[in-house]
Amino acid sequence: MDFVVIFGPPAVGKMTVGEELCELTGFKLFHNHMTVEPVLGIFPFGSPPFGRLVNEFRRRVIEEAADAALPGLVFTYVWGLDLPEDTDLITSYVDIVRSRGGRTRFVELYADLDERLERNTTELRLDRKPSKRDLDFSRANLLELDRDYVMNTDDTRRTHAQDLIERHDHVRIDNTRLTPAEAAALILREMPQ
């Protein structure tokens with residue numbers, strides 16, 4: 001199975017680009033909020049039960065997808081590249097896929113902050129991610145994450161994540177002015193087969 005991890009900051013277009021990539025490849029999309037939203041209905045974001053359940057659901061879906069020999073799974077994630085615990089989590093998913101004979105590819109998206117703030121309010125995003133409907137909170141959270149964490153590899157600080165990323169195929173795309181379909185087509189052109 002090809003395990004494609006699309007990462008980047010909030011509202012960069014991970015889910016929509018992932019959908020388009022799945023259309024082109026026949027892969028399945030497993031976007032971050034597919035596990036976040038159901039658990040939020042029971043436990044508050046960031047609480048220990050929330051974290052345990054979300055991570056366990058993700059791990060189990062990735063295991064089952066790899067065991068089912070799906071051709072590919074596209075997973076989206078806001079990855080704090082400077083957070084060892086985020087890299088350890090992604091590494092654990094990569095290890096699941098590798099242990100079943102699959103390969104991992106990293107797709108990094110980045111876009112201008114103004115564009116991401118605009119995308120943060122789109123109808124599709126709010127429809128698929130109910131927790132983003134509190135626009136004031138969502139905007140403040142986006143800005144806080146941008147301020148406090150490294151979410152793209154162009155940051156001058158060397159991160160724990162770069163070692164993992166460098167061991168796999170990695171495509172970095174500025175999708176500020178690209179449609180999701182254009183970004184997905186570019187990923188396929190640039191990704192080694």
Side-chain angles (χ1 to χ4, degrees), residues 3-25 27-37 40 45-46 54 58 72-83 86-87 89-90 104-159 161-162 164-166 168-191:
F3 183 50
V4 180
V5 178
I6 300 179
F7 70 93
V12 76
K14 296 177 295 294
M15 179 186 70
T16 55
V17 170
E19 287 176 338
E20 292 293 335
L21 186 60
C22 289
E23 284 291 319
L24 295 173
T25 60
F27 293 177
K28 299 295 183 183
L29 178 65
F30 184 33
H31 72 79
N32 189 34
H33 279 260
M34 293 172 83
T35 55
V36 167
E37 298 299 335
L40 271 179
F45 184 83
V54 167
R58 288 178 187 151
L73 184 69
V74 176
F75 175 66
T76 70
Y77 190 65
V78 175
W79 185 355
L81 299 173
D82 53 332
L83 297 174
D86 276 12
T87 299
L89 185 66
I90 295 297
T104 298
R105 299 157 175 248
F106 291 111
V107 174
E108 176 181 0
L109 299 178
Y110 66 99
D112 294 345
L113 177 60
D114 288 341
E115 178 65 21
R116 291 189 300 111
L117 287 169
E118 183 69 28
R119 290 177 185 172
N120 194 48
T121 64
T122 63
E123 186 176 326
L124 178 64
R125 180 175 174 82
L126 300 179
D127 179 58
R128 301 268 182 87
K129 302 174 181 181
S131 62
K132 302 294 182 184
R133 292 178 188 159
D134 179 341
L135 296 178
D136 291 335
F137 173 80
S138 184
R139 177 185 172 88
N141 182 251
L142 186 155
L143 293 170
E144 178 182 321
L145 290 172
D146 263 29
R147 181 191 70 223
D148 295 344
Y149 301 101
V150 176
M151 290 177 283
N152 283 118
T153 60
D154 66 337
D155 192 290
T156 58
R157 296 171 284 182
R158 178 86 180 158
T159 67
Q162 285 171 294
L164 175 63
I165 292 167
E166 290 170 0
H168 297 85
D169 294 331
H170 173 223
V171 174
R172 188 170 189 275
I173 295 176
D174 178 351
N175 70 326
T176 303
R177 305 279 175 255
L178 300 177
T179 67
E182 291 169 335
L186 185 58
I187 291 165
L188 285 181
R189 282 197 306 272
E190 293 192 11
M191 186 69 72

Point to revise | Smallest separation among heavy atoms of Asp112 and Thr176, with atom names | key: N-OG1, 3.0 Å

Review point. Can you check whether Phe106 reaches Ile90 side chain to side chain, under 4.5 Å on heavy atoms?
Key: yes

Check your understanding: What do you reckon, is CD of Glu118 surrounded by more than 12 foreign heavy atoms closer than 6.0 Å?
Key -> no

Point to revise | Separation of Ile6 CD1 from Phe75 CZ (nearest 0.5 Å) | key: 11.0 Å

**Study point:** Pairwise distance CG(Asp146) to CG(Asn141) - rounded to 0.5 angstrom
**Key:** 10.0 Å

Check your understanding: Heavy atoms, side chains only, cut-off 4.5 Å: are Met191 and Val107 in contact?
Key -> yes

Check your understanding: Roughly how far, to the nearest 0.5 Å, is CD of Glu115 from CG of Leu117?
Key -> 9.5 Å

Check your understanding: If we only count heavy atoms from C-beta on, is the Leu142 to Arg116 side-chain gap below 4.5 Å?
Key -> yes

Practice item. Please name the pair of heavy atoms, one in Leu109 and one in Pro9, separated by the smallest distance, quoted to 0.1 Å. Key: O-CD, 3.6 Å

Review point. From Leu164 CG over to Thr87 OG1, what is the distance, rounded to the nearest 0.5 angstrom?
Key: 7.0 Å

Review point. How about Glu190: does its CD atom have over 12 heavy atoms from other parts shown lying under 6.0 Å from it?
Key: yes

Exercise for review: Would you mind reporting whether Glu20 and Glu182 have side-chain heavy atoms less than 4.5 Å apart?
Suggested key: no

**Study point:** Residue pair Tyr110 / Thr153, side-chain heavy-atom distance below 4.5 Å
**Key:** no

Study note, to complete from the structure: On a heavy-atom basis, the closest approach of Leu145 and Met151 is O-CE, 3.2 Å

Review point. Going through the distances and angles, do Arg58 and Val36 end up as a side-chain contact (heavy atoms from CB on, under 4.5 Å)?
Key: CA-CA 10 Å; Arg58 288 178 187 151; Val36 167; 3.8 Å; yes

**Study point:** Any Glu108 side-chain heavy atom under 4.5 Å of Trp79 side chain
**Key:** no

Practice item. Would you give the length of the straight line joining atom NE2 of His170 to atom OG1 of Thr104, rounded to the nearest 0.5 angstrom? Key: 13.0 Å

Check your understanding: Do you know the tightest heavy-atom contact between Lys14 and Val78?
Key -> NZ-CG2, 3.6 Å

Practice item. State, with a plain yes or no, whether a side-chain heavy atom of Leu81 is found less than 4.5 Å away from one of Ile165. Key: yes

**Study point:** Heavy-atom pair with the smallest gap, counting every atom of Gly13 and Arg119
**Key:** N-NH1, 4.3 Å

Practice item. Locate the shortest heavy-atom distance separating Val5 from Phe3; write the atom from each residue and the value. Key: CG2-CE2, 3.4 Å

Point to revise | Spatial distance of atom CG (Leu73) from atom OG1 (Thr25) [nearest 0.5 Å] | key: 10.5 Å

Review point. Can you tell me if Asp86 uses its side chain to pair, donor with acceptor, with the backbone of Gly80 under 3.5 Å?
Key: yes

Point to revise | Side chain to side chain, Leu29 and Glu23, heavy atoms closer than 4.5 Å | key: no

Point to revise | Check: Leu135 main-chain N/O paired with Asn120 side-chain donor or acceptor under 3.5 Å | key: no

